[in-house]
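First listed ligand is number 1; within each ligand, the first listed atom is number 1. When reading the values below, keep in mind they use all heavy atoms of this one structure, side chains included, and skip hydrogens, waters and symmetry mates.
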Amino acid sequence: MSLRNEQIQKLESEAFEVLIIGGGINGSVAAAALSSRGVKTALIDRKDFGSETSQSSSNLIWGGIKYLEGLEFKLVRELCRSRNQLIRAYPSSIREIRFFTNLDKGFRFPALFIYLGSLIYWFIGNCFTRPPKLLSKKSINHLEPVVNTEKSIGGIEYSDAYLVEHDTRFVFQFIRRSLKAGCAAANYIESLGSEQQEDKTWLTRVRDTQAGKEWKIRSKIVINACGPFVDFQNSLSRQKGKHRHVFSKGIHLVVPRLTEIERVLTFFADDGRLFFAIPMGNRTVIGTTDNRVTEPETEVTDEDRRFVLENINKRVNLKQPLEEKDILSERWGVRPLVLETDQVDLNSDWTKLSRKHAIDTDPESMHISIYGGKLTDCLNIGEELCQEVSKMGVTIPHPEGSWFGEPEAKRRQEFLNQASEFELDSPFHQSPNETKAECLWRRYGEEAFELLEMIRQDSSLSEPLFPEAENLLCEIHLIAKKEMIVSLADLLRRRTRLALLFHHDFLKNSKNLKEAASIIFGKQTENQWSEYF
Ligand SMILES: Cc1cc2nc3c(=O)[nH]c(=O)nc-3n(C[C@H](O)[C@H](O)[C@H](O)COP(=O)(O)OP(=O)(O)OC[C@H]3O[C@@H](n4cnc5c(N)ncnc54)[C@H](O)[C@@H]3O)c2cc1C
């Protein structure tokens, strides 16, 4: 039986202390924290895990230097502490990176002022990273010739961190951890609303969107972690909280790599907002935008593309300006921003809304809703949700139990030693700075040992899916077994990042990729292929 069907069977036949609705970063950390600490937990998502906001981020793990302008010192302090904790806990997935910032004439602050701000930021972050530096126009030209310094007044360099792989892979490792700890978790299971019984337990009506089957899941507590859909889900369950969401759309364009050095290029766009060129393998992710929208479902418009291309072309020196034909892939989503229910909607100045998360707990009805949040904030959210569940009277058997982080460094070394038998010490085409073995460890942790076992049995499984790919055939076998793939998009966009790194048409024409996909989809490959492409 497939892993997903096993999980569905558990969801059908068992009762739970906590049911979490929504498997983005917030729902996934809640599931990992509660199940690792011994609470009987279930997690469902109506699509794939991480397939809404959590797949549209800038992949940054950062303290939010820009929030200093709004004097949000407490928020910046909390985010910096989370960033530091994440860098320590995930040494191969989350790394410090330099942000190289150029400032143009006419900018609202002088370079020295921005530098002082970056020093304050560094102190607020406990001086955990390398210190910031003030840059002259001359040194920017010398260090990063791609930056257009025609109007430069100098700049700064400071540190934050980024997800080396990508956001949804990060989300999935919390799902993996939850499953290991006994959580019943399945994707493509939609909540149609929860109803509280006289004995106070919740019955949540759910639907398997693949098989069409409906049933009810019983739990003592419901956690609504539906991201931008939290308000809608609450309306289905007749819950009224103290908060609500408004939405800001953000998009990114992925293009061939703009600069050799692994650093984030930072600019201020025409609208005065921070604007980044962020490395992803040997590509660059450019963005983002910040536009008020009224609905959570969104897409990239021509205007969005034009804004990003025009802004980057003004700020870098390329042989040829970037055009639409250079775009390899696009990312888009809405930031769910938190307002108090009766707070007046700040239409004019809404970009100044705090980006802090909020948790609404109703101990009477045993219902929790989580609003806002950031990937960077995820460990705080996991801890806070454990506390809220405990306050509602559910016993947490192992309150100090560890629920996040990579395996110990010595296990990694053991893996790298074993991997050296198999010529995995060269880099993938897409990640020139690391060996294949290091990439495999980052993606699969302890499960990477299974990959070596597969290669031992069949050496052809150490081949890449296609010559330029950054995934090996053995990965596809592991993903098929352990990562609940339902659609081709789950594989190409979330468990791997192939759909981000390569143009749609390139993937469509890859016979090797199709063969690899058939390992997962068997007779369904043709259907999956035509549906996706
Ligand atoms: C453009 C952009 C850039 C960003 N950059 C960063 C960054 O660099 N760093 C950072 O820390 N943060 C960043 N963020 C913020 C961060 O991505 C989000 O705060 C975070 O991903 C929200 O996670 P979530 O779990 O609340 O929501 P989501 O990821 O949206 O998850 C909610 C889940 O609920 C599911 N769901 C909805 N309805 C139902 C239902 N009825 N039944 C079952 N499931 C349901 C959805 O399918 C979805 O998977 C960025 C956000 C955007 C939009």
Side-chain angles (χ1 to χ4, degrees), residues 19-31 42-64 66 79 82-83 86 94 160-163 166-168 170-171 174-175 185-194 204-209 217 222-237 245 247-252 264 274 276 278 285 287-291 293 296-298 300 304 308 330-338 355-359 369-382 385 494:
L19 169 67
I20 300 158
I21 306 173
I25 187 68
N26 287 346
S28 307
V29 289
L43 170 71
I44 54 169
D45 195 292
R46 69 171 172 179
K47 295 188 188 164
D48 188 24
F49 303 118
S51 61
E52 291 282 353
T53 323
S54 300
Q55 71 171 6
S56 11
S57 81
S58 306
N59 288 317
L60 298 177
I61 298 298
W62 63 326
K66 65 180 179 182
L79 288 176
S82 307
R83 175 202 65 193
L86 281 168
I94 298 177
D160 256 316
Y162 79 127
L163 287 161
H166 67 316
D167 40 19
T168 45
F170 185 59
V171 169
F174 287 110
I175 301 286
N187 48 3
Y188 296 94
I189 305 291
E190 180 178 19
S191 155
L192 303 170
S194 311
T204 300
R205 194 154 66 86
V206 300
R207 187 170 71 97
D208 178 344
T209 64
I217 299 179
V222 166
I223 298 183
N224 176 355
C226 289
F229 302 92
V230 163
D231 294 312
F232 179 68
Q233 186 61 31
N234 276 345
S235 70
L236 290 180
S237 308
H245 276 144
F247 308 117
S248 139
K249 180 169 96 168
I251 74 126
H252 295 88
V264 177
L274 269 176
F276 301 112
I278 305 160
V285 184
T288 173
T289 56
D290 195 348
N291 301 320
V293 289
E297 290 92 358
T298 183
V300 182
D304 295 328
V308 172
E330 300 178 333
R331 299 161 64 84
W332 64 94
V334 294
R335 303 170 185 86
L337 306 178
V338 192
R355 306 287 162 123
K356 192 163 169 28
H357 70 266
I359 295 178
S369 305
I370 163 89
Y371 291 85
K374 295 200 138 283
L375 293 158
T376 312
D377 218 6
C378 67
L379 302 184
N380 294 332
I381 289 174
L385 288 171
R494 289 176 284 277

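- If you number the atoms of ligand 1 from 1 as listed, the ones under 4.0 Å from a heavy atom of G250 come out as 1 (C).
- Interatomic distance, I61 CD1 to L86 CG, rounded to the nearest 0.5 Å: 5.5 Å.
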- request: Dump the intermediate steps for side chain to side chain contact (heavy atoms under 4.5 Å, CB included) on E330 and V308, then the final yes or no.
  value: CA-CA 11 Å; E330 300 178 333; V308 172; over 6 Å; no

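- Considering both main-chain and side-chain atoms, E190 never comes within under 3.5 Å of ligand 1 through any nitrogen or oxygen pair.
- What sits closest to atom 2 (C) of ligand 1 on the protein, heavy atoms only, is S56 O, 3.5 Å.
- No donor-acceptor distance shorter than 3.5 angstrom exists from the side chain of S82 to the backbone of D377, with no hydrogens or angles considered.
- In terms of polar-atom proximity, defined here as any N/O pair under 3.5 Å, G373 does make such a contact with ligand 1.
- Every residue two or more places apart in sequence or in another chain was checked for a ring-ring contact (aromatic ring centres under 6.0 Å, His included) with H357, and none qualifies.
- Distance from atom 47 (O) of ligand 1 to its nearest protein heavy atom, with residue and atom name: D45 OD1, 2.7 Å.
- Atoms of ligand 1 lying under 4.0 Å from at least one heavy atom of Q233, given by number and element, are 40 (C), 41 (N).
- In this structure, T288 contributes its side chain and I251 its backbone to a donor-acceptor pair below 3.5 Å.
- Backbone and side-chain nitrogen or oxygen atoms of S58 are examined, and one is located within less than 3.5 angstrom of a nitrogen or oxygen of ligand 1.
- Atom 14 (N) of ligand 1 has as its closest protein heavy atom S57 CB, 4.0 Å.
- With a 4.0 Å cut-off on non-hydrogen atoms, A225 touches ligand 1 through its backbone and not its side chain.
- Checked by atom type and distance alone, the side chain of D167 never pairs as donor or acceptor with a backbone atom of N59 at under 3.5 Å.
- Listed by first then second residue, pairs satisfying salt bridge (Lys or Arg N to Asp or Glu O under 4.0 Å) with a partner in residues 185-194 read E190-R207, not counting sequence neighbours.
- At a 3.5 angstrom cut-off on N or O pairs, S191 counts as close to ligand 1.
- Proximity to I21 (heavy-atom distance under 4.0 Å) selects the following atoms of ligand 1: 42 (N), 43 (C).
- Scanning all protein heavy atoms for the shortest distance to atom 44 (N) of ligand 1 gives R46 N, 3.0 Å.
- At a 4.0 Å heavy-atom cut-off, ligand 1 touches V334 through the backbone alone.
- At the top of the distance list for atom 27 (O) of ligand 1, counting protein heavy atoms only, stands G227 CA, 3.4 Å.
- Residue nearest to atom 52 (C) of ligand 1, selected from K47, R83, E52, R335: R335 (by heavy-atom distance).
- Checking only distances, T53 does come within under 3.5 Å of ligand 1, N or O to N or O.
- Closest to atom 24 (P) of ligand 1, if we only count protein heavy atoms, is N26 ND2, 3.9 Å.
- Annotation for ligand 1: atoms under 4.0 Å from non-hydrogen atoms of L375 are 10 (C), 11 (O), 12 (N).
- Contact annotation: for D377 versus ligand 1, there are no heavy atoms closer than 4.0 Å.
- Of all non-hydrogen atoms in D290 and R335, the two that sit nearest each other are OD1-NH1, 3.5 Å.
- Shown in contact with I189 at under 4.0 Å from a heavy atom are these atoms of ligand 1, numbered in order with element: 43 (C).
- Among V338, V29, V230, N26, the single residue meeting the side-chain contact (heavy atoms from CB on, under 4.5 Å) criterion with I370 is N26.
- Taking distance alone, with nitrogen or oxygen atoms compared against 3.5 Å, L60 approaches ligand 1 more closely than that limit.
- Using a 3.5 Å distance cut-off with no hydrogens or angles, the side chains of T289 and D304 do not pair a donor with an acceptor.
- Note on ring orientation: taking the six-membered ring where Trp is involved, the planes of F247 and H245 are tilted (angle from 30° to 60°).
- For ligand 1, the atoms lying closer than 4.0 Å to a non-hydrogen atom of G22 are 33 (C), 34 (O), 35 (C), 44 (N).
- Inter-residue side-chain proximity for S194 and I21 is flagged as met; some heavy-atom pair is nearer than 4.5 Å.
- In this structure, the side chains of F229 and P296 come closer than 4.5 Å at one or more pairs of heavy atoms.
- Heavy-atom proximity to P228, at under 4.0 Å, picks out these atoms of ligand 1: 30 (O).
- Protein heavy atom nearest atom 29 (O) of ligand 1, with residue, atom name and distance: S54 OG, 2.5 Å.
- Short contacts between ligand 1 and G24, defined as distances under 4.0 Å to a heavy atom of the residue, involve ligand atoms 25 (O), 29 (O), 31 (O), 33 (C).
- Side-chain atoms of T209 come within 3.5 Å of backbone atoms of Y188 as a donor-acceptor pair (strictly under, hydrogens ignored).
- For the residue pair R83 / T376, no side-chain donor-acceptor distance below 3.5 Å is found, with atom types taken as modelled.
- On a distance-only criterion, H252 and ligand 1 share no N/O pair closer than 3.5 Å.
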